[in-house]
Amino acid sequence: QVQLGESGGGLVQPGGSLRLSCAASGSIFSINAMGWYRQAPGKERELVADITSGGSTNYADSVKGRFTISRDNAKNTVYVQMNSLKPEDTAVYYCKALITTNQRMGAIFQYWGQGTQVTVSS
């Protein structure tokens, strides 16, 4: 069994910062890419940023220069530092990871966190 636990969401004023964390736990053999997605009310879920096991990153155009994704492979944790937040960043943020488990080492499975609310408002 694998779980992703997110933390760090909340209410912040425009121009403020938040740091989200997502830790993977359970019977993990290896973790490939990890990433953050978000879903605003009435909109589809969209990629925010992702990072490979080697540290290569990819960002949505809307967050480039403001958000930074990073990971700690020893802790099976991915972070996103969000600066200069805007009201349009308001959404539920989800963590995703591509994981190989100890029970099925020949396969990669996709896991999602439960989501954490980020609200940017004055």
(request) Step by step, work out the side-chain hydrogen bond (donor to acceptor under 3.5 Å, both in side chains) result for Ser17 and Asn83. (result) CA-CA 4 Å; Ser17 298; Asn83 298 329; 2.9 Å; yes
(request) Please lay out, stage by stage, how Ser56 and Ile51 fare under the test side chain to side chain contact (heavy atoms under 4.5 Å, CB included). (result) CA-CA 5 Å; Ser56 296; Ile51 184 169; over 6 Å; no
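Within the model, atoms CE of Met34 and SG of Cys95 stand 5.0 Å from one another, a figure rounded to the nearest 0.5 Å. Once rounded to the nearest 0.5 Å, the distance linking CD1 of Ile31 with OG of Ser53 reads 10.0 Å. Between the CG atom in Leu98 and the OG1 atom in Thr52 there is a gap of 11.0 Å [rounded to 0.5 Å]. Between the SG atom in Cys22 and the CD atom in Gln3 there is a gap of 11.0 Å [rounded to 0.5 Å]. Ser25 contributes atom OG, which lies 14.5 Å from atom NZ of Lys75 (distance to the nearest 0.5 angstrom). Taking CG from Leu18 and CE from Met82, the interatomic distance works out to 4.5 Å, rounded to the nearest 0.5 Å.
Looking at Gln81, its side chain never comes within 3.5 Å of a backbone N or O of Ile69 through a donor-acceptor pair.
Nearest heavy atom pair, residue Arg66 against residue Ser84, reads NH1-O, 3.0 Å. Heavy-atom minimum distance, Pro14 versus Ser122: CD-N, 3.7 Å. Across every non-hydrogen atom of Ala91 and Ala40, the tightest pair is CB-N, 3.8 Å. Between Arg38 and Asp89, the closest heavy-atom pair is NH1-OD1, 2.9 Å. Listed here is the closest heavy atom pair of Leu4 and Ala24: CD2-CB, 3.3 Å.
Proximity of Lys86 to Ser62: side-chain heavy atoms (C-beta onward) are nowhere separated by under 4.5 Å. You'll find the side chain of Gln110 reaches within 4.5 Å of the side chain of Lys96, heavy atoms only. Inter-residue side-chain proximity for Asn76 and Ile99 is flagged as unmet; no heavy-atom pair is nearer than 4.5 Å. Contact of the Asn102 side chain with the Ile28 side chain is not registered, since no non-hydrogen atoms from C-beta on lie closer than 4.5 Å. Within the 4.5 Å cutoff, the side chain of Phe67 has heavy atoms near those of the Val48 side chain. The side-chain heavy atoms of Ile108 and Asn32, taken from C-beta on, include a pair separated by under 4.5 Å.
With Val118 as the fixed residue, the side chain to side chain contact (heavy atoms under 4.5 Å, CB included) test singles out one of Thr90, Leu11, Leu20: Leu20. No option in Asp50, Val63, Val80 other than Val80 meets the side chain to side chain contact (heavy atoms under 4.5 Å, CB included) test with Trp36.
Other members of the hydrophobic cluster containing Trp112, listed by chain and number, are Tyr37, Leu47, Val92, Tyr94; membership follows side-chain contacts under 4.5 Å among ILVMFWY residues, whether direct or relayed.
With a 6.0 Å radius and a threshold of 12 heavy atoms from other residues, nucleotides or ligands, Glu44 has its CD atom at or below the threshold. Residue-environment remark: CD (Gln117) exceeds the threshold of 12 foreign heavy atoms within 6.0 Å. Around atom CZ of Phe29, no more than 12 heavy atoms belonging to other residues, nucleotides or ligands sit under 6.0 Å away.
Side-chain polar atoms of Gln103 and Ser27 form a donor-acceptor pair below 3.5 angstrom. When only modelled atom types and interatomic distance are considered, Asp72 and Thr77 share no side-chain donor-acceptor pair under 3.5 Å.
Cation-pi geometry between Arg71 and Tyr79 is not met: the NZ or CZ atom fails to fall both under 6.0 Å from the ring centre and inside 45° of the normal.
Remark: Ser7 engages no residue in a side chain to side chain donor-acceptor pair (under 3.5 Å) (not counting sequence neighbours).
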